Amino acid sequence: MKIQLRPRDWLIVIIPTVLTLLVAIGILLFNREMMEFKIEKAAKQYYAGMPYDIPTGAKLLRNGEGKTGLSYNGNTKEMDSLPIYFDEEDLIVLPEDMIYNNPRQKTEKYMPYFSQVSKDENTFKAIRGGSSILLDMGFIYDGEDFYLFLEPIIITLNGKEYELSAFSYASAVYEDTVMLFDYETKTFLVIEQAADEVIAKSVSEDYQISLLSDTLIFYDDTRALLVAQPSILEKIFNEE
């Protein structure tokens, strides 16, 4: 005995299948979109006292091994944690996985590669895909030796103080080099054979960071070692 499906019965069978297929296609497209980021405006990286132009039309590509490369005209070079700063707006894109740390709330969040951060006076916003979230100052950290500050900061080393504006960065390696980049003036300071201690202090003095030991020091002198692996933390975005 043959069972014939009425048109309504066919709809009951087909609609869930079509919806499942559309969801799968959406996930594939999202994953593909998140594997590349096109640089559509003039941009730069700042390293060791020099600005390096990022060509318009270049692409950041994420490979299956979790590495990011910059591709342009058939050539690809591996990227590191240094942000790409856009020339005409207060906006950066982060080539690698990072950690957003809010010391005043004692929270750390995972910021995946290709996250963007915009600055509008004293307001910062993180953006990725269709998601965005306001950031309450603090800093962004790569889990190793790079710090991007979302507020004015004072760096102390070798008995001297250096003031950095918001959106500036510091990179410090023990018994090696300290690099300071000031966003407002676009100036650089490279210090070879730096001191055994490099401290970043908030202007309000309610927290400090030991950049060489990657330790957060709170106003009451309690301390917390910073997380070294971004992906073990909760994501800052609700993407899936």
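Predicted, not measured: the structure shown is a model, and the values here were computed from it.
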Check: [Y] main-chain N/O paired with [X] side-chain donor or acceptor under 3.5 Å:
| X | Y | answer |
| --- | --- | --- |
| N63 | K67 | yes |
| N102 | M137 | no |
| R128 | Y113 | yes |
| S132 | A126 | no |

Which pair of non-hydrogen atoms, one from [X] and one from [Y], has the smallest distance, and what is that distance?
| X | Y | value |
| --- | --- | --- |
| Y183 | S168 | N-OG, 2.8 Å |
| F188 | M179 | CE2-CB, 4.0 Å |
| S213 | L225 | O-CD1, 3.4 Å |
| Y52 | Y47 | CE1-O, 3.6 Å |
| I99 | V227 | CD1-O, 3.3 Å |
| F167 | F124 | CD1-CE2, 3.6 Å |

If we only count heavy atoms from C-beta on, is the [X] to [Y] side-chain gap below 4.5 Å?
| X | Y | result |
| --- | --- | --- |
| Y72 | K77 | no |
| I199 | S210 | yes |
| L211 | I155 | yes |
| L150 | K119 | no |
| Q45 | D53 | no |
| N158 | I191 | yes |
| L82 | F146 | yes |
| I217 | I209 | no |

**Message:** Applying side-chain hydrogen bond (donor to acceptor under 3.5 Å, both in side chains) to E192 and T177, what does each step give before you reach the verdict?
**Reply:** CA-CA 5 Å; E192 303 285 348; T177 302; 3.0 Å; yes
One thing to verify: whether [Y] and [X] come together as a salt bridge, which I'm taking to mean a side-chain N less than 4.0 angstrom from a carboxylate O.
| X | Y | result |
| --- | --- | --- |
| D97 | R62 | yes |
| D87 | K41 | no |
| E151 | R104 | yes |

**Prompt:** Between L226 and Y141, does a side chain to side chain contact (heavy atoms under 4.5 Å, CB included) hold up when you go through it step by step?
**Reply:** CA-CA 9 Å; L226 297 173; Y141 168 56; 3.6 Å; yes
How many angstroms lie between atom [atom1] of [X] and atom [atom2] of [Y], to the nearest 0.5 angstrom?
| X | Y | atom1 | atom2 | result |
| --- | --- | --- | --- | --- |
| E161 | T156 | CD | OG1 | 4.0 Å |
| I236 | N238 | CD1 | CG | 10.0 Å |
| K235 | I133 | NZ | CD1 | 13.5 Å |
| S118 | D120 | OG | CG | 7.5 Å |
| D90 | K125 | CG | NZ | 13.0 Å |
| I140 | E108 | CD1 | CD | 12.5 Å |

Would you say [atom1] of [X] has more than 12 non-hydrogen atoms from neighbouring residues, nucleotides or ligands within 6.0 angstrom?
| X | atom1 | answer |
| --- | --- | --- |
| K59 | NZ | no |
| N122 | CG | no |
| E163 | CD | no |

**Message:** Before you tell me yes or no, could you show the steps for D182 and T187 under side-chain hydrogen bond (donor to acceptor under 3.5 Å, both in side chains), namely the whole-Å CA-CA distance, both residues' side-chain angles and the distance that decides it to 0.1 Å?
**Reply:** CA-CA 5 Å; D182 184 68; T187 55; 4.6 Å; no
Is [Y] reachable from [X] through a run of hydrophobic residues whose side-chain heavy atoms are each under 4.5 Å from the next?
| X | Y | answer |
| --- | --- | --- |
| M50 | Y85 | yes |
| L164 | V203 | no |
| I39 | F114 | yes |
| I127 | Y110 | no |

**Request:** Fit a plane to each ring of Y147 and F149, take the angle between them on a 0 to 90° scale, and name the class: parallel (under 30°), tilted (30 to 60°) or perpendicular (over 60°).
**Result:** parallel
**Request:** Just do the side chain to side chain contact (heavy atoms under 4.5 Å, CB included) check on Q116 and L94 with the steps written out, would you?
**Result:** CA-CA 6 Å; Q116 298 177 78; L94 303 172; over 6 Å; no
**Prompt:** Are K160 and Y162 in a cation-pi setup, meaning NZ or CZ lies under 6.0 angstrom from the ring centre and within 45 degrees of the ring axis?
**Reply:** no
**Step-by-step side chain to side chain contact (heavy atoms under 4.5 Å, CB included) determination, S115 to Y100** = CA-CA 11 Å; S115 295; Y100 168 62; over 6 Å; no
**Request:** Please assess D80 against D142 for the test side chain to side chain contact (heavy atoms under 4.5 Å, CB included), listing each intermediate value before the final yes or no.
**Result:** CA-CA 10 Å; D80 54 21; D142 71 347; over 6 Å; no
**Message:** Under 6.0 Å between ring centres: does that hold for Y207 and F218?
**Reply:** no
